[in-house]
Amino acid sequence: MMKDLPKERLDMFCYQCSQTVAGNGCFMKGICGKEPTVARLQDNLLFTMKGISAYNYQANHLGAKDPEVDEFLTKGLYTTLTNVNFDTEDLIQLGLDAGEASVKVMRLLKNAHIEAYGEPTPVEVKVGAQEGPAIIVTGHDLKALEELLKQCEGTDVNVYTHSEMLPAHGYPELRKYSSLKGQIGGPWFDQKEVFSKYNAVILATSNCVLLPKDDYKDRIYTSGVAKLPCVPQILDYNFEPLIKQAQELGGLEAEELTTVTTGFGVSTILSLAPKIKELVESGKIRRFFLVGGCDSPNPKNSYYREFVKNLPDDTVVLTLACGKYKFNDLDLGDIEGIPRLLDMGQCNDAVAAVDVALALCDLFECELNDLPLTIVLSWMEQKAAAVLWALFYLGKKDMLIGPILPAWANEDIVKVLVDNFNLTPIGDPKEDIKRILGE
Ligand code: SF4
Ligand code: SF3
C-alpha cells in the first residue's frame with residue numbers, strides 16, 4: 001500500500017508508459033531516464049495549463065479567443081508526452097511561457113467580461129436570505145449567471161451569488177437585473193453546510209463544486225464543464241427547470257442581512273491615482289498588499305485573516321478570488337477617502353490587479369519590484385498555479401505563498417523559485433508584517 005512506501009521512493013510519480021516499474025509507477029528515476037525534477041516540472045506545466053484552460057474555456061464561451069493561447073496549450077501538452085522533453089532548464093522556461101499565456105488568457109477573459117457586462121464599479125452587496133423562492137449560483141461563469149438572470153426577470157425568483165460569483169454584483173450589466181438579490185454563504189468549501197441550510201435551488205457553474213449531500217442532491221444542477229453523478233447538467237442555458245423547482249420549493253425566510261463590498265475595477269482605482277500619489281508621497285500610505293488566492297479549510301489559512309487584521313492603518317489591501325472570505329467582513333476603514341480594502345473580483349481578475357500595479361509603476365516612475373507592493377498568495381487548486389507563474393513571468397519578486405508549498409515542487413524546484421524570485425512560505429503573520437515593513 002502507498003502508505004507503506006518509504007518516503008524516498010516518492011521522489012516522483014509517473015505511470016504514463018508501459019515501461020513503468022512493475023506495471024505500477026515510477027517513484028524514482030524512470031527507465032526512460034526521466035529524473036524526479038523533470039517529472040515534477042512536467043506536472044507543474046500540466047497543472048498550470050489546466051488553470052489556463054479554465055480561463056480559456058470561460059473566455060471562449062463569451063466569444064473571445066486567442067490563437068496564441070491555444071497554440072501554447074497544444075505545445076505544452078505535447079511536451080509532457082513520453083520521451084519528448086528531458087531538459088530541466090527548458091521545462092522551467094516552459095513554466096514561464098505558461099505564465100505568459102496565463103497573463104494573455106486572463107486579459108482575454110477580463111476584456112470579454114468588461115465588453116459583455118461593463119467595467120465593475122464598487123457596490124455594497126446584501127449578504128443573507130430575503131423572503132421568496134431562491135436560486136443560489138456558485139462558480140465562476142458569469143455568462144451562465146446572466147442567462148439565468150434574464151430568465152428570472154418577471155418571476156418571483158430571487159438569485160443569490162455564492163463564493164466566486166460574488167464579484168458579479170460589481171458589473172453594471174449584471175446588477176441591472178432586479179432578480180439579482182444578494183450573496184449567500186462564503187468560500188467554496190462552506191457549500192455543503194450552506195446548500196443544506198437554505199431551501200433553494202443551486203446552480204454550480206464551474207470548478208469548486210463538491211459532491212452533494214443527500215439533503216440537497218435533488219435540487220442542485222450544473223452547467224458548463226461542471227458535472228456531478230445523477231445531477232442534471234444544463235448545457236443550453238435553458239434554466240426553466242430550476243426556476244420551476246425554486247417556486248415549488250416554496251422559498252426562503254428572511255433573515256438578518258449584513259453587507260460586503262466588491263467591484264473595484266481598474267478604472268475606479270486609477271481614478272484615485274492623483275490622491276494615491278499624494279498619500280504615498282506624504283507617507284500616509286506606506287505600502288500596498290495584494291492578499292488573495294484560494295481559500296481552503298486548512299487551519300493554516302487563518303494566517304490570511306491575522307495578516308490583514310494586523311496590518312497597520314497606513315497600508316492598503318487589494319484582494320481577489322475566494323481567499324478574500326477570510327477577511328472581507330473586516331472594516332478596515334479608509335485613508336482620506338481611499339478604502340483600505342479593495343475587492344477586485346475573481347481569481348482571473350489577478351490581471352486587473354497586475355494592471356493597477358503597472359499603472360502605479362508609471363505613476364511613480366519605477367519598476368514593478370520597486371513599487372511598495374507585497375503579494376501574499378493563498379493557493380488551493382491548479383488555477384492558482386497559472387496565476388503564480390503569470391506573476392513569475394512578469395518578474396514579480398518577494399511574494400509570500402501558503403498555506404503550504406505546492407507538493408509537486410521538490411527541493412530543486414523550490415531552490416530555483418527562491419533564488420530567482422525570493423518566493424517565501426508564509427510564517428507568523430505579525431513577524432511577516434514586521435519583516436516586510438522593515439520594522
Ligand atoms: Fe517511468 Fe519514464 Fe514511463 Fe514515466 S515515462 S512511466 S518515468 S519509464
Ligand atoms: Fe476559489 Fe476554487 Fe481558487 Fe477562483 S473558487 S479561487 S478555490
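What's counted below: heavy atoms across the whole structure, side chains too, no hydrogens, waters or symmetry copies. Computed from a predicted structure; not experimentally measured. Numbering of ligands and ligand atoms starts at 1, following listing order.
Here E381 does not reach atom 4 (Fe) of ligand 2: none of its N/O/S atoms is less than 2.8 Å from the metal. When distances to atom 4 (Fe) of ligand 2 are checked against a cut-off of 2.8 Å, C322 contributes no N, O or S atom below that limit. Residue side and main chain included, H140 places an N/O/S atom under 2.8 Å of atom 4 (Fe) of ligand 2.
Of all atoms in ligand 1, numbered sequentially from 1 with element shown, those under 4.0 Å from a heavy atom of I31 are 8 (S). Residue contact check: T82 has heavy atoms under 4.0 Å from atoms 5 (S) of ligand 1. Listed by atom number, the atoms of ligand 1 under 4.0 Å from C14 heavy atoms are 4 (Fe), 5 (S), 6 (S), 7 (S). Set against the non-hydrogen atoms of A321, the atoms of ligand 2 under 4.0 Å away are 6 (S). Near K383, meaning under 4.0 Å from one of its heavy atoms, ligand 2 places the atoms 4 (Fe). Residue contact check: C347 has heavy atoms under 4.0 Å from atoms 4 (Fe), 6 (S) of ligand 2. Counting atoms of ligand 1 from 1 in the listed order, those under 4.0 Å from a heavy atom of G30 are 7 (S). For ligand 1, the atoms lying closer than 4.0 Å to a non-hydrogen atom of T20 are 6 (S).
When atom types are taken as modelled, the side chain of E255 and the backbone of A129 share a donor-acceptor pair closer than 3.5 angstrom. Panel note: side chain Q130, backbone K181; a donor-acceptor pair is recorded below 3.5 Å. Side chain of R340 to main chain of G333: no donor-acceptor pair is present (N/O by atom type, distance under 3.5 Å, no hydrogens or angles). Of the possible polar contacts, none joining the W389 side chain to the A101 backbone as a donor-acceptor pair under 3.5 Å is found. With hydrogens and angles ignored, the 3.5 Å screen pairs no side-chain donor or acceptor of D215 with any backbone N or O of S196.
Judged by the 6.0 Å distance and 45° axis criteria, K383 is not positioned over the aromatic ring of Y55.
Nearest to atom 3 (Fe) of ligand 1 among the protein's heavy atoms is C17 SG, 2.3 Å. When only non-hydrogen protein atoms are considered, atom 1 (Fe) of ligand 1 lies nearest to C26 SG, 2.3 Å. Protein heavy atom in closest approach to atom 2 (Fe) of ligand 1: C32 SG, 2.3 Å. In this structure, atom 2 (Fe) of ligand 2 lies nearest to the protein heavy atom C208 SG, 2.1 Å. Among protein heavy atoms, atom 3 (Fe) of ligand 2 sits closest to C294 SG, 2.5 Å.
Heavy atoms of M12 approach ligand 1 to within less than 4.0 angstrom.
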Determine whether N328 and D343 satisfy the following criterion, side chain to side chain donor-acceptor pair (under 3.5 Å), listing intermediate values before the conclusion.
CA-CA 8 Å; N328 71 345; D343 176 10; 5.3 Å; no

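For E164, the N, O or S atom with the smallest separation from atom 4 (Fe) of ligand 2 is OE2.
Taking the charged nitrogens against the carboxylate oxygens, K415 and E411 have no contact shorter than 4.0 Å, which rules out a salt bridge.
Taking the side chain as every heavy atom from C-beta outward, W408 and L46 never approach each other to under 4.5 Å.
Side-chain N/O atoms of Q245 and Y221 include a donor and acceptor closer than 3.5 Å.
With Q183 as reference, T161 is the one residue of T258, T262, T161, T259 to meet the side-chain hydrogen bond (donor to acceptor under 3.5 Å, both in side chains) rule.
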